[in-house]
2 protein chains.
Amino acid sequence: MSSSATPRERLLEAAGDLFYRDGVHIGVDALCKAAGVSKKSMYQLFRSKDELIAESLASRGPSFQATLQPGPDDRSPRERILEVFERQDNLVADGNYLGCPYVATSVELKDPEHPGSVVARHFKQQLTDFFHRELVKAGAEDPGMLAIQLTIAFDGASVRAVVRAQSLGGIGVLTAGALLDAAGVRAGELAGHLN
Amino acid sequence: MSSSATPRERLLEAAGDLFYRDGVHIGVDALCKAAGVSKKSMYQLFRSKDELIAESLASRGPSFQATLQPGPDDRSPRERILEVFERQDNLVADGNYLGCPYVATSVELKDPEHPGSVVARHFKQQLTDFFHRELVKAGAEDPGMLAIQLTIAFDGASVRAVVRAQSLGGIGVLTAGALLDAAGVRAGELAGHLN
DNA sequence: TTAACAGTAAACCGATCGGTTTCTTTCTTC
DNA sequence: GAAGAAAGAAACCGATCGGTTTACTGTTAA
């Protein structure tokens, strides 16, 4: 039950929800009310609203990662990469999708030195790193470059879902597939199978 | 000189600048002060701040289009498409790039029915339409799909520039090129030259 | 000359902003 | 049961929010 969680946990959860749903400009009063925590407690637990923004983003990192990235299995790197885009497609299709929380926060904050922007940059890099690991396994020629291209496809698809306010209908998966095709990363292929 | 422009023009210009630089949550007082227009005049010229957001976005549409899309020339569709990504690369490299104004506004507003979001959706479609026209000229197999993929690459590259707060270094051009490669749209090729 | 108009400056409205403070309740731990 | 810490409720701070109103200043046109 949520009221049994500590004030800190309740604040982080409410902040994650409300900053995502309404944007980081939502007021501290509304946030504390939603969390069932007094402002006094909030300002004892966090130095400022800005710090709460950053910490709430950071606390959701592992959960977002688990949502998007498949755990270890024996599928090919290409399949595991495309799985990320399929999961994104499902997230969008489920409704209430308002874009990648890290991107949204970065865009709203404007300042790249804001603690929230720093956290966002860090977690965005983790998705690129996942792509990179898989591409190395696949023996891709330029895994660094291709991992960035896939991240671009991911964020571009996310933006499309937000701007058009509709489902992606597999266009993200297709775009990622096209990028993998262009780089010669084929299905079922592992580095050891080459040559 | 800007003070010789009409109050309406001054408001639209200041709104375009400040909503982009600081976000749409900037106050009406600061905006009117920057425009050198009284709040009374503003509320006579625009029904609400929300309408001003939408109108300022719309008034900048043609200028943004001219900045990104090449005019008629005799280069190949592929070259003209890649030109868009080169111009985006230059925009980012010039500094003070805070992402596509339409995407930023959509993300900040959250509500897809907000008049600003409607305008943003409309102008984003115009970029996709440009890609589509060029791809038809090039005789691409599925110009509608590919035009969307290119728009995804464009917005993904834009997001990357914002989140990482650094130049793109040609990654957008390369990503678009890879998508065109995967679809078989080659340099110097026009529909009439096929077969 | 004067009446109408367009525009600015600034006060004003209730509400909310981020943040602090005071007071009270609740819970733990002897 | 008493002492002490933790945390909630709510008042409070100056500033700002979107929006309205009043009062004054130019310009224009009859």
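By convention in this document, chain letters (A, B, ...) are assigned in the order of the sequence lines, proteins followed by strands, and residues within each chain are numbered from 1.
Computed from coordinates, the L52(B) CG to dG18(D) P distance equals 11 Å when rounded to whole Å. One can place CG of L45(B) at 17 Å from P of dG18(D), the figure rounded to the nearest angstrom. One interatomic measurement links the two molecules: CG of L31(A) to P of dG19(C), which rounds to 12 Å at whole-angstrom precision. Per the geometry, CD belonging to Q44(B) stands 13 Å off C1' belonging to dG19(D), to the nearest Å.
Residue pairs that meet the salt bridge (charged side-chain N to carboxylate O under 4.0 Å, His left out) test with at least one member in residues 91-116 of chain B, sequence neighbours left out, are E108(A)-K110(B), K110(A)-E108(B). Evaluation of the salt bridge (charged side-chain N to carboxylate O under 4.0 Å, His left out) test over residues 22-45 of chain B, restricted to residues two or more places apart or in two chains, returns D29(B)-K39(B). Counting only residues at least two apart or in different chains, salt bridge (charged side-chain N to carboxylate O under 4.0 Å, His left out) contacts with residues 58-74 of chain B comprise D17(B)-R60(B), D73(B)-R75(B), D73(B)-R80(B). The stretch residues 126-148 of chain B participates, sequence neighbours left out, in these ring pair (Phe, Tyr, Trp, His ring centres under 6.0 Å) pairs: F85(B)-F131(B).
Judged as a side chain to side chain donor-acceptor pair (under 3.5 Å), and not counting sequence neighbours, the contacts of R47(B) are E51(B). Here D89(A) pairs with nothing under the salt bridge (Lys or Arg N to Asp or Glu O under 4.0 Å) rule; sequence neighbours left out. Residues that satisfy the ring-ring contact (aromatic ring centres under 6.0 Å, His included) test with H122(A), not counting sequence neighbours, are absent from this structure.
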In sequence, state the C-alpha distance, the side-chain angles, and the governing distance for S59(A) and S56(A), and then conclude on side-chain hydrogen bond (donor to acceptor under 3.5 Å, both in side chains).
CA-CA 5 Å; S59(A) 74; S56(A) 74; 5.8 Å; no
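Within the 4.5 Å cutoff, the side chain of Q69(A) has heavy atoms near those of the R133(A) side chain.
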Protein N or O to nucleotides 26-28 of chain C N or O, pairs below 3.5 Å:
none

Protein-nucleic acid N or O pairs under 3.5 Å, nucleotides 8-10 of chain D:
residue: dG8(D); atom: OP1; partner: R10(A); partner atom: NH2; Å: 3.2
residue: dG8(D); atom: OP1; partner: G36(A); partner atom: O; Å: 3.4
residue: dG8(D); atom: OP2; partner: S38(A); partner atom: N; Å: 3.2
residue: dG8(D); atom: OP2; partner: S41(A); partner atom: OG; Å: 2.8
residue: dG8(D); atom: N7; partner: S38(A); partner atom: OG; Å: 3.3
residue: dG8(D); atom: O6; partner: K40(A); partner atom: NZ; Å: 3.4

Taking only N/O atoms, report every protein-nucleotides 14-17 of chain C pair under 3.5 Å with atom names and distance.
residue: dC17(C); atom: OP1; partner: G27(A); partner atom: N; Å: 3.1

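Between Y43(A) and the phosphate of dT20(C), there is no side-chain N or O to OP1/OP2 separation shorter than 4.0 Å.
Paired with F64(A) under the rule ring-ring contact (aromatic ring centres under 6.0 Å, His included), one option of F123(A), Y102(A), Y20(A) passes, and it is Y102(A).
Other residues sharing the hydrophobic cluster of Y43(B), ordered by chain and number and joined by side-chain separations under 4.5 Å: L11(B), L12(B), L18(B), F19(B), V24(B), I26(B), V28(B), L31(B), V37(B), M42(B), L45(B), F46(B), L52(B), I53(B), L109(B).
Within residues 108-119 of chain B, no residue approaches DNA chain C, by heavy-atom distance under 4.0 Å.
Here the CG-OG1 distance, from N90(A) to T67(A), works out to 11.5 Å after rounding to the nearest 0.5 Å.
Note on V162(B): it does not cluster hydrophobically with V119(A), by side-chain heavy-atom contacts below 4.5 Å among ILVMFWY residues.
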